[in-house]
Amino acid sequence: QQQVKQSPQSLIVQKGGIPIINCAYENTAFDYFPWYQQFPGKGPALLIAIRPDVSEKKEGRFTISFNKSAKQFSLHIMDSQPGDSATYFCAARTNAGGTSYGKLTFGQGTILTVHP
Amino acid sequence: NAGVMQNPRHLVRRRGQEARLRCSPMKGHSHVYWYRQLPEEGLKFMVYLQKENIIDESGMPKERFSAEFPKEGPSILRIQQVVRGDSAAYFCASSSSSGYTFGSGTRLTVV
């Protein structure tokens with residue numbers, strides 16, 4: 001019930017392409033869904049996040065699409081650049097009364113490579 | 001604001017020794033979380049602490065692992081009698097009511 005499943009495990013695109021990473025969850029108590037970007041030797045950094053009352057959120061070149069009935073959400077990276085090459089993790093957290101408190105359940109990660 | 005500070009960045013221990021990992025949360029953050037990341041895997045939650053209290057330790061192994069967040073000083077993740085399977089990156093995060101930030105991690109290698 002606490003799992004978050006992420007796919008694909010790895011992804012290679014050309015510069016300018018639109019990689020899409022997908023996640024599915026089981027626990028309907030999750031109500032906050034962030035995406036994290038991690039570079040080698042660094043900690044995860046928050047990229048963008050969404051709550052289930054909206055179906056899409058866009059920040060710059062990054063867009064989250066959210067399908068509450070299917071319990072799925074995805075990350076789209078528009079006009080991808082070589083500097084976007086990193087590992088991406090989806091995550092989920094249960095209701096914390098609108099605060100940022102609480103443990104995160106992570107997906108397994110997607111290694112993205114963007115070729116010049 | 002220096003962010004979440006973890007030290008050491010790299011730690012090498014022989015089997016059977018103790019490992020102590022430290023985490024200083026961001027200024028203004030009173031909640032700390034520890035996660036473990038095995039090679040090519042996602043982060044797994046271990047423990048959630050508030051000052052002097054353990055809020056959730058559902059991800060902590062039952063033996064050899066302990067964590068504390070004293071009133072003064074950093075949070076400590078302690079691993080006793082380390083084994084090779086403990087080799088991993090250990091990340092600390094801290095949060096306030098409106099932010100959640102990860103440190104750069106401690107990479108533990110057990111030889």
Side-chain angles (χ1 to χ4, degrees), chain A residues 1-11 21-27 29-51 75 86-113, chain B residues 2-10 21 23-26 28-51 53-60 67 69 88-109:
Chain A
Q1 261 255 317
Q2 291 293 321
Q3 280 190 322
V4 176
K5 295 183 179 179
Q6 182 173 347
S7 63
Q9 192 172 357
S10 62
L11 190 53
I21 305 170
N22 301 297
C23 283
Y25 64 96
E26 299 171 356
N27 187 350
F30 287 146
D31 78 333
Y32 174 74
F33 302 90
W35 284 90
Y36 283 85
Q37 180 187 57
Q38 185 180 32
F39 293 105
K42 301 292 186 183
L46 180 64
L47 200 56
I48 185 173
I50 196 168
R51 294 194 183 274
L75 176 70
T87 301
Y88 292 80
F89 294 97
C90 62
R93 192 179 68 212
T94 54
N95 183 22
T99 71
S100 295
Y101 300 127
K103 67 181 180 184
L104 291 165
T105 300
F106 282 85
Q108 298 89 335
T110 297
I111 301 172
L112 172 66
T113 303
Chain B
V4 178
M5 302 300 292
Q6 290 189 250
N7 66 82
R9 289 297 308 276
H10 300 274
L21 288 62
C23 170
S24 296
M26 281 186 69
H29 287 193
S30 60
H31 296 233
V32 164
Y33 313 81
W34 286 94
Y35 292 82
R36 178 165 61 178
Q37 185 176 32
L38 295 171
E40 298 183 8
E41 289 191 16
L43 284 80
K44 303 291 186 188
F45 167 78
M46 299 181 75
V47 63
Y48 168 17
L49 310 104
Q50 198 177 0
K51 285 286 187 181
N53 289 306
I54 295 176
I55 307 299
D56 182 352
E57 57 181 349
S58 58
M60 285 281 269
F69 188 18
Y90 292 82
F91 289 96
C92 170
S94 70
S95 73
S96 65
S97 61
S98 59
Y100 201 110
T101 305
F102 281 87
S104 294
T106 293
R107 274 125 190 106
L108 172 65
T109 303

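Proteins come first, then strands; the chains are lettered A, B, ... in the order of their sequence lines, and each starts at number 1.
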Given that the side chain runs from C-beta out, which part of A:Leu46 has a heavy atom under 4.5 Å from chain B: side chain, backbone, both or neither?
neither
Which atoms form the tightest heavy-atom contact between B:Tyr35 and A:Leu104, and what is the distance?
OH-N, 2.8 Å
Looking at B:Gln50, B:Gln6, B:Gln37, which one has more heavy-atom pairs under 4.5 Å with chain A than the rest?
B:Gln37
Taking B:Tyr33 for its side chain and A:Tyr101 for its backbone only, find out whether a donor-acceptor pair lies under 3.5 Å.
no
B:Met5 atom CE, neighbour heavy-atom count above 12 within 6.0 Å
no
If you count heavy atoms of other groups shown closer than 6.0 angstrom to NZ of B:Lys51, is the number above 12?
yes
Using side-chain heavy atoms (C-beta onward) and a distance below 4.5 Å, is B:Phe102 in contact with A:Lys42?
no
Select, from A:Pro44, A:Gly109, A:Ala91, A:Gly107, the one with the greatest count of heavy-atom pairs under 4.5 Å involving chain B.
A:Pro44
Toward chain B, the part of A:Gln38 with a non-hydrogen atom under 4.5 Å:
side chain
Minimum heavy-atom separation for B:Arg9 and A:Gly41, please, with both atom names.
NH2-O, 2.9 Å
When you look at A:Tyr36 and B:Leu43, which way does the side chain to side chain contact (heavy atoms under 4.5 Å, CB included) test go after all the steps?
CA-CA 11 Å; A:Tyr36 283 85; B:Leu43 284 80; over 6 Å; no
Which atoms form the tightest heavy-atom contact between B:Gly42 and A:Phe89, and what is the distance?
CA-CE2, 3.4 Å
Side chain from CB out, backbone as N, CA, C, O: work out which of these in B:Thr101 comes under 4.5 Å of a heavy atom of chain A, or both, or neither.
neither
